[in-house]
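Working notes, structure below.
Quick note on labels: first sequence line is chain A, next is B, and so on, each numbered from 1.
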Protein chains: 2
Amino acid sequence: MNVEKAWETLKKHSFKRTKNREAILEFLAERDGYTAAMDVGEFLKKDNPGVSFDTIYRNLTTFAELDILEETDLNGERQYRMHCDPGVHHHHFICTVCGKTKHIPSCPMDHISVNLPGVEIQGHKFEVYGKCPQCQ
Amino acid sequence: MNVEKAWETLKKHSFKRTKNREAILEFLAERDGYTAAMDVGEFLKKDNPGVSFDTIYRNLTTFAELDILEETDLNGERQYRMHCDPGVHHHHFICTVCGKTKHIPSCPMDHISVNLPGVEIQGHKFEVYGKCPQCQ
DNA sequence: CTATTAATAGTAATGATTACGATTCACTTC
DNA sequence: GAAGTGAATCGTAATCATTACTATTAATAG
């Protein structure tokens with residue numbers, strides 16, 4: 001997912017083009033891993049010192065709902081990254097130091113017969129944690 | 001893991017036998033799923049209205065470090081359950097309504113060749129979410 | 001029984017997130 | 001391109017879970 005595609009999606013759902021949204025998308029497009037909501041906010045403050053939490057969280061949540069961003073909870077913080085490939089299910093290795101991710105194309109649900117009679121499966125989470133080469 | 005075994009472990013590490021710890025262990029031994037730290041606290045207050053957050057969180061953290069409890073983060077809250085079988089690696093299905101869990105003995109790391117050259121793997125998380133038969 | 005030191009109570013502080021009324025701004029329509 | 005309209009934002013307060021800290025209490029060893 002790149003910034004243009006994100007804007008197509010936003011247009012399609014009649015969201016307006018604002019400076020804050022542009023900044024968020026351009027910032028996350030540059031990064032290749034997860035970034036905490038608060039850190040996105042810190043970045044926004046450079047151009048716009050008065051951004052409010054409301055703006056930061058509302059937009060990140062909206063983007064995640066539209067599958068523009070991927071979202072995860074990492075040690076109590078909400079983290080976001082550009083969606084690598086919306087529509088193609090995948091997982092990630094996540095560096096616990098810098099947040100950088102690596103794609104894991106296969107999914108445990110395809111390999112494991114989860115024998116759970118009667119339960120209604122809604123979703124799953126699979127993440128591998130460690131240190132990327134640069135952070136060791 | 002049952003309450004007696006938990007006390008053996010605690011004794012071995014010279015932790016004292018206190019009313020609060022007894023209450024926490026007995027409460028979690030009764031439950032068969034994850035319980036939020038705050039809910040454990042609520043329960044403690046029945047017998048001891050003045051328990052402090054310090055006591056709740058410190059003991060839960062200690063128990064998790066000693067592998068008496070298993071710990072996970074679920075929608076922003078820290079959740080705990082008696083360790084099914086310390087020493088035997090496993091995963092869980094977790095009911096998103098009541099927190100009840102079901103054992104998943106197999107591990108994705110055994111089935112998926114995570115091809116990540118140069119990274120140092122430290123851990124992983126695999127959880128399946130859904131509704132248990134009672135909560136549908 | 002007494003001493004020692006862990007454990008706890010009580011409460012304040014922190015950190016992330018949510019909420020909301022007032023204001024501003026992007027975009028439609030004329 | 002000016003005006004109108006509702007979405008988006010600001011500024012700030014509130015909430016919620018968790019952490020931190022000091023004075024006091026209580027579990028265990030000797």
Side-chain angles (χ1 to χ4, degrees), chain A residues 3 6-27 34-66 68-69 71-81 99, chain B residues 3 6-27 34-66 68-69 71-81 99:
Chain A
V3 177
W7 277 118
E8 279 174 32
T9 306
L10 287 167
K11 259 282 166 57
K12 199 188 305 170
H13 291 80
S14 44
F15 284 96
K16 294 179 179 169
R17 190 176 196 115
T18 67
K19 285 259 174 284
N20 285 325
R21 287 180 179 149
E22 274 172 354
I24 293 173
L25 290 175
E26 268 157 37
F27 177 55
Y34 278 105
T35 307
M38 293 299 264
D39 292 338
V40 176
E42 284 309 308
F43 175 80
L44 290 196
K45 281 182 187 158
K46 286 180 186 165
D47 271 1
N48 176 5
V51 227
S52 75
F53 295 127
D54 199 334
T55 302
I56 300 163
Y57 284 101
R58 181 172 25 75
N59 282 321
L60 289 173
T61 304
T62 301
F63 294 172
E65 278 165 1
L66 294 174
I68 291 170
L69 301 182
E71 183 183 354
T72 194
D73 274 355
L74 223 53
N75 42 1
E77 282 184 319
R78 213 166 306 160
Q79 312 258 342
Y80 294 91
R81 55 158 296 145
Chain B
V3 177
W7 278 118
E8 279 175 34
T9 306
L10 287 166
K11 259 282 168 55
K12 199 188 307 171
H13 293 79
S14 42
F15 283 96
K16 295 179 179 169
R17 190 175 195 114
T18 67
K19 284 259 174 283
N20 285 324
R21 287 180 179 149
E22 274 172 355
I24 293 173
L25 291 175
E26 269 156 38
F27 177 55
Y34 277 106
T35 307
M38 293 300 263
D39 293 336
V40 177
E42 283 310 309
F43 175 81
L44 291 197
K45 281 181 187 157
K46 286 182 187 165
D47 272 1
N48 176 5
V51 226
S52 75
F53 294 127
D54 199 333
T55 302
I56 300 162
Y57 285 101
R58 183 173 23 77
N59 283 321
L60 289 173
T61 304
T62 301
F63 292 172
E65 279 166 359
L66 295 173
I68 291 169
L69 301 182
E71 183 183 353
T72 194
D73 275 354
L74 223 53
N75 43 359
E77 281 184 319
R78 213 165 307 161
Q79 312 258 343
Y80 294 91
R81 55 158 295 146

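- For the atom pair CD (B:Glu22) and CG (B:Leu44), the distance works out to 12.0 Å, reported to the nearest 0.5 Å.
- The side-chain heavy atoms of B:Arg78 and B:Glu71, taken from C-beta on, include a pair separated by under 4.5 Å.
- Annotation for B:Gly76 and A:Asp73: closest pair N-OD2, 3.8 Å, computed over non-hydrogen atoms.
- Side chain to side chain, A:Asn20 and A:Asn59 fail the donor-acceptor criterion of an N or O pair below 3.5 Å.
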Check the interface with nucleotides 16-20 of chain D: list each N/O to N/O pair with the protein under 3.5 Å, or write none.
from   : atom 1 : to      : atom 2 : distance (Å)
D:dA17 : OP1    : B:Glu77 : OE2    : 3.3
D:dT18 : OP1    : B:Arg78 : N      : 2.7
D:dT18 : OP2    : B:Tyr57 : OH     : 2.3
D:dT18 : O5'    : B:Tyr57 : OH     : 3.3
D:dT18 : O3'    : B:Arg78 : NH2    : 3.0
D:dT19 : OP1    : B:Arg78 : NH2    : 3.2
D:dT19 : OP2    : B:Arg78 : NH1    : 3.3

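- For the segment residues 39-51 of chain A, no residue has any heavy atom less than 4.0 angstrom from an atom of DNA chain C.
- Looking at DNA chain D, the stems built from 3 or more consecutive Watson-Crick or G-U wobble pairs, each pair with its key distances under 3.5 Å, are C:1-30 with D:1-30.
- Between the CG atom of B:Asn59 and the P atom of C:dA6 there is a distance of 14 Å, rounded to whole Å.
- In this structure, the CG atom of B:Asn75 is 13 Å from the P atom of C:dT17, given to the nearest Å.
- Rounded to whole Å, atom C1' of C:dA16 lies 14 Å from atom CG of A:Leu74.
- Remark: B:Leu66 CG to B:His13 NE2 distance equals 5.5 Å, nearest 0.5 Å.
- A pairwise comparison of heavy atoms in A:Trp7 and A:Arg21 identifies CH2-CB, 3.7 Å as the closest pair.
- Identified under the salt bridge (Lys or Arg N to Asp or Glu O under 4.0 Å) test for residues 34-45 of chain B, with sequence neighbours left out: B:Glu42-B:Lys45.
- Residues B:Tyr80 and B:Thr72 are not in side-chain contact: their nearest non-hydrogen atoms beyond the backbone lie 4.5 Å or more apart.
- Under the 4.5 Å side-chain criterion, counting only non-hydrogen atoms from C-beta, A:Phe27 is in contact with A:Thr35.
- What separates NE2 of A:His13 from C1' of D:dA7 is a distance of 16 Å, to the nearest Å.
- Between the P atom of C:dT11 and the CD1 atom of B:Ile56 lies a distance of 15 Å, rounded to the nearest Å.
- The closest side-chain heavy-atom distance from A:Glu77 to A:Gln79 is below 4.5 Å.
- In this structure, B:Leu60 places its CG atom 14 Å from P of C:dA7, rounding to the nearest Å.
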Could you go through nucleotides 28-30 of chain D and list every protein N or O atom that sits under 3.5 Å from one of its N or O atoms, giving the distance for each pair?
from   : atom 1 : to      : atom 2 : distance (Å)
D:dT28 : OP1    : B:Arg17 : N      : 2.7

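- Each of B:Val51, B:Ile56, B:Ile68, B:Val40 was evaluated against B:Ile24; a single residue qualifies, B:Val40, per the side chain to side chain contact (heavy atoms under 4.5 Å, CB included) test.
- The phosphate of D:dA8 (OP1 or OP2) has no side-chain N or O of A:Arg58 nearer than 4.0 angstrom.
- Within the 4.0 Å cut-off from OP1 or OP2 of D:dC10, at least one side-chain nitrogen or oxygen of A:Asn20 is found.
- Using a 4.5 Å heavy-atom threshold, the side chains of A:Leu25 and A:Leu10 count as touching.
- Between the CD atom of A:Glu22 and the C1' atom of C:dC25 there is a distance of 13 Å, rounded to whole Å.
- Among residues two or more places apart in sequence or in another chain, the ring-ring contact (aromatic ring centres under 6.0 Å, His included) test is passed with B:Phe15 by none.
- Between the NZ atom of A:Lys19 and the C1' atom of D:dA7 there is a distance of 17 Å, given to the nearest Å.
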